[in-house]
Amino acid sequence: MFDALQERLGAVFGRLTDRGALKESDVAEALREVRVALLEADVSLSVVKDFIARVQEKAVGEEVLRSVTPGQMVIKVVHDHLVEMLGAESVGLNLRANPPVPILIVGLQGSGKTTTAAKIAMRLQERDKKKVYLASLDVYRPAAQEQLRVLGEQAGVPTLPIIAGQMPIDIARRAMQAAKLQGFDIVVLDTAGRLHVDGALMNEVAAIRDAVTPSETLLVADALTGQDAVNVAGEFHKHIGLTGIALTRIDGDGRGGAALSMRAVTGCPIKLLGTGEKLDALEDFHPSRIASRILGMGDIVSLVEKAQETIDADDAARLEKKFLKGQFDLNDMAAQFRQMRRMGGMSGLMALLPGVAKAKKQIAESQLDDRLLRRQEAIIGSMTAKERLDIRVLNGSRRRRIAGGAGVEIQDVNRLLKQYKQISTMMKKVGKLGKKGKGLSPESLRNLIPPQQFPQ
Amino acid sequence: MAEAAKRTWLGRLRQGLSRSADSLSQGITGIFSGRKLDDATLEELEDLLVSADMGVDAARRIVSSIASRRIDGNAAADIRRLLAEDIEAILSPVAIALEIDPARAPFVVLVVGVNGTGKTTTIGKLAHLFISQGLSVSIAAADTFRAAAIDQLKVWGERAGADVFAKDVGADPAGLAFDAWAAAKANKKDVLLIDTAGRLQNKTGLMAELEKIVRVIRKQDSTAPHSVILVLDATTGQNVHSQVELFRQACDVSGLIMTKLDGTARGGVLVAVAERFGLPIHAVGVGEQMGDLRHFDAGAFARALVGAEEPESA
């Protein structure tokens with residue numbers, strides 16, 4: 001759901017990192033675009049403003065502007081704040097209470113409460129091996145209780161028998177009583193959809209909360225929610241005290257800004273994501289994973305750290321000289337492959353690079369993995385020292401021999417040679433760039449990997 | 001009699017919308033009292049429209065048109081009036097009530113939308129509306145997916161006094177619509193309302209199912225469906241654009257109904273959608289009762305949205 005936002009921010013940051021030194025006005029301009037991107041992703045205005053103000057304060061500080069790569073520092077500041085906003089860690093449901101443990105499900109009409117209640121019940125029963133009981137307190141919407149009964153049947157979770165005409169608070173008490181007698185671990189209480197400005201209904205749900213003292217009060221909210229997200233989440237939190245948020249319709253094409261808004265306004269963690277209509281389509285929410293992907297920036301910090309760990313500085317210096325002279329041979333290419341593998345393979349590396357969401361998807365689809373790198377190393381390994389230094393000697397019969405030695409087809413050998421030619425041309429270009437004093441940016445790094453590298 | 005009814009409805013609409021308008025109009029008062037329209041002010045104004053879900057682009061356009069005009073007198077009130085006028089000008093061409101053509105009985109109305117926007121409730125309200133106009137109504141329960149959707153619709157049918165044509169859960173919705181049409185025709189019904197399962201517009205399989213329903217209905221009557229209503233939830237943000245676009249592609253949406261305007265959601269996205277697609281907005285939903293469906297009044301909506309005063313003559 002965050003893909004669109006990611007693309008948008010990727011473009012903004014791309015421009016930022018392309019530059020060397022940054023002025024305050026550059027940062028301000030980039031942040032204005034970040035602001036629009038967040039608003040278009042339905043992050044609530046008040047949350048966006050607060051976010052931008054905090055980032056701006058940090059980002060125009062001396063520390064950032066004087067750093068070697070100010071553009072990336074700005075991105076890092078944005079990223080850090082986004083992580084902070086989403087919450088640092090993934091938080092599970094709190095079930096630590098005397099059984100039966102009540103879980104109260106609340107939300108607006110049509111947010112997906114009943115389906116989510118059934119999903120939670122099924123997951124607790126199947127994954128956590130709990131004895132779970134479902135009860136619907138929705139006496140307003142026609143056939144709502146019936147809907148939960150049917151869903152309970154589908155999920156294999158028992159539901160409280162329906163008594164027509166009973167009030168919600170009495171149903172809640174009856175559910176707890178029945179669960180106690182029958183030895184259930186958990187009771188999931190589904191409530192009627194209500195508007196956060198409907199005083200009578202908000203009081204009703206507050207009374208239910210007081211009657212059963214739930215260990216979890218989850219707000220079920222639509223991931224497609226717009227600016228109203230702050231009002232909804234804020235009011236529910238104020239009236240009944242939420243402990244967590246479950247976002248539904250994550251599988252839609254919305255940009256998910258509501259996640260940021262609701263988290264920011266309530267301080268409650270997003271605990272669960274509804275990812276489809278089937279009852280097993282429920283996932284845990286991992287804020288840190290999402291934050292870096294929202295920005296489409298990958299994790300620049302760990303990319304740098306990883307590179308430092310694995311790349312021998314002397315080697316790198318030697319290689320750089322060769323690049324600049326355009327003397328990149330197959331030995332160097334094999335060394336590159338080895339290095340890539342050490343850094344976690346192609347996909348591991350790509351995941352850390354910013355703005356390559358699309359390429360990442362292609363890699364996932366093509367199932368490119370270390371085997372490809374190993375095979376290419378094997379091809380180079382099957383060459384003589386002379387061949388590695390100068391590919392011009394590689395005639396048909398030599399290529400056949402190499403293919404046989406590496407256990408690949410002759411086409412694979414040809415493909416590798418073509419790649420080598422592309423890379424070495426690219427290296428020469430980079431060499432020229434380097435001479436102009438323009439440092440390596442993620443943008444130029446990305447260009448280094450020719451698209452042909454990925455099997456179509 | 002008609003006068004009284006009109007006042008009640010406007011009153012109720014405003015009551016529903018006024019909550020939405022409160023914070024916006026407070027904001028405007030805060031901005032304009034004793035200040036000139038400088039850039040910062042315009043930006044704040046744009047922010048206020050954005051926070052009504054209008055979207056950044058639409059908000060910018062409306063604000064820039066105001067920026068180019070001269071404002072005199074009481075700035076806050078005048079800005080509101082101007083804002084309301086601009087928004088009304090965008091919305092009034094699309095404020096078109098749903099007209100039933102009795103010559104085409106049964107007049108087929110297909111109701112579509114994302115899950116949880118209020119399709120079934122809206123169908124109940126529409127049935128009530130048509131029946132109060134003296135039309136006979138049949139409802140096809142083509143949401144055969146969601147648990148208890150059929151029961152929910154039956155309750156609404158009973159309340160409104162409409163027949164409900166239903167099959168078992170899991171039945172093919174297109175086949176059901178086909179049979180429901182035949183039954184409505186045989187029973188000489190004026191209107192056939194078809195309730196469909198909620199679906200996310202990016203699920204191509206489910207959208208293809210919708211296309212099939214339309215195809216199959218056309219085997220009965222090549223001019224049907226005579227109206228395809230997309231139900232939108234006012235709390236939804238900019239995703240409404242994608243909803244309108246993709247549902248329109250799949251089943252030729254002919255009109256919109258926006259629900260849940262009785263909360264604090266302001267439905268400003270309707271303004272952007274009206275500019276972009278020009279689809280008729282048939283009605284708005286402002287509550288859970290059977291009568292809580294209102295004709296969409298562009299002026300009242302625009303004024304309520306920005307908190308402008310109602311003209312005295314209305």
Side-chain angles (χ1 to χ4, degrees), chain A residues 1 4 35-37 39-46 48-49 108-115 118 140-154 193 195-198 221-232 235 248-249 251-258 261 276-277, chain B residues 19-20 23 47-48 50-57 59-60 114-121 124 145-156 158-159 169 197-203 206 233-240 242-243 246 259-260 262-269 287-288:
Chain A
M1 70 163 168
R35 178 177 175 278
V36 173
L39 285 174
E40 282 180 354
D42 285 327
V43 181
S44 298
L45 182 69
S46 54
V48 173
K49 277 190 159 170
L108 296 180
Q109 290 92 341
S111 55
K113 287 175 300 303
T114 306
T115 307
Y140 306 103
R141 186 165 61 108
Q145 297 186 66
E146 175 66 12
Q147 184 187 352
L148 190 70
R149 190 192 64 74
V150 174
L151 287 174
E153 222 164 72
Q154 288 171 9
L195 280 171
H196 49 291
V197 286
D198 186 329
D222 189 336
L224 308 178
T225 306
Q227 295 290 324
D228 204 33
V230 277
N231 298 326
V232 174
E235 288 295 312
T248 60
R249 297 201 257 287
D251 50 332
D253 58 0
R255 300 189 192 169
S261 308
E277 299 198 28
Chain B
R19 264 199 293 263
S20 328
S23 53
D47 282 354
L48 285 163
V50 165
S51 67
D53 277 321
M54 209 167 275
V56 178
D57 284 348
R60 276 190 185 159
V114 167
N115 322 57
T117 54
K119 285 176 297 302
T120 307
T121 305
F145 178 81
R146 183 166 61 94
I150 298 168
D151 301 282
Q152 185 186 352
L153 199 61
K154 280 181 176 163
V155 173
W156 275 111
E158 217 164 276
R159 283 183 192 169
V169 173
R199 66 200 74 223
L200 285 168
Q201 71 276 15
N202 60 336
K203 307 269 173 187
L206 293 174
D233 181 335
T235 51
T236 308
Q238 299 308 306
N239 192 248
V240 163
S242 160
Q243 290 177 18
L246 295 181
T259 62
K260 306 186 199 174
D262 46 337
T264 49
R266 304 172 208 164
V269 70
E288 289 184 285

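Just so we're on the same page: letters track the sequence lines, and every chain starts at 1. On a predicted model such as this, the values are computed, not experimentally measured, just so you know.
Within a 6.0 Å radius of NZ in K154(B), no more than 12 heavy atoms belonging to other residues, nucleotides or ligands are found. For E158(B), the CD atom is loosely surrounded, since the number of other residues' heavy atoms within 6.0 Å does not exceed 12.
Only the side chain of D42(A) comes within less than 4.5 Å of a heavy atom in chain B; its backbone stays farther off. Contacts between L246(B) and chain A at a heavy-atom distance below 4.5 Å involve the side chain alone, from C-beta outward. Proximity to chain A involves both the backbone and the side chain of T236(B), based on heavy atoms less than 4.5 angstrom apart. Only the side chain of V114(B) has a heavy atom closer than 4.5 Å to any heavy atom of chain A. Heavy-atom distances place both the backbone and the side chain of T225(A) under 4.5 Å from chain B.
In this structure, T264(B) and E235(A) have side chains that are not in contact, with every pair of non-hydrogen atoms separated by 4.5 Å or more.
The minimum heavy-atom distance linking D251(A) with K203(B) is given by the pair OD2-NZ, 2.9 Å. Across every non-hydrogen atom of V56(B) and L39(A), the tightest pair is CG2-CB, 3.8 Å. The two residues G263(B) and V197(A) come nearest to each other via the heavy atoms CA-CG2, 4.2 Å. For the pair K260(B) and Q109(A), the tightest heavy-atom approach, listed with the atom from each and the gap, is NZ-O, 2.7 Å. Residue V50(B) comes nearest to Q227(A) through the heavy atom pair O-CG, 3.3 Å, listed as atom of the first residue, atom of the second, then distance.
Between chain A and the options L200(B), V240(B), V155(B), N202(B), the largest number of non-hydrogen pairs under 4.5 Å is found for N202(B). Each of G237(B), S242(B), G268(B) has some count of heavy-atom pairs under 4.5 Å with chain A, and the biggest count is that of G237(B).
Proximity of a side-chain donor or acceptor of R249(A) to a complementary backbone N or O of N115(B) within less than 3.5 Å is detected.
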Practice problem: May I have the step-by-step check of side-chain contact (heavy atoms from CB on, under 4.5 Å) for L108(A) and T235(B), ending in yes or no? | Solution: CA-CA 10 Å; L108(A) 296 180; T235(B) 51; 3.8 Å; yes

Quiz item: Could you walk me through whether R146(B) and T114(A) pass the side-chain contact (heavy atoms from CB on, under 4.5 Å) check?
Solution: CA-CA 11 Å; R146(B) 183 166 61 94; T114(A) 306; over 6 Å; no

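Contacts of E146(A) classified as side chain to side chain contact (heavy atoms under 4.5 Å, CB included), with partners at least two apart in sequence or in another chain: A143(A), R149(A), V150(A), I162(A), A148(B), D151(B).
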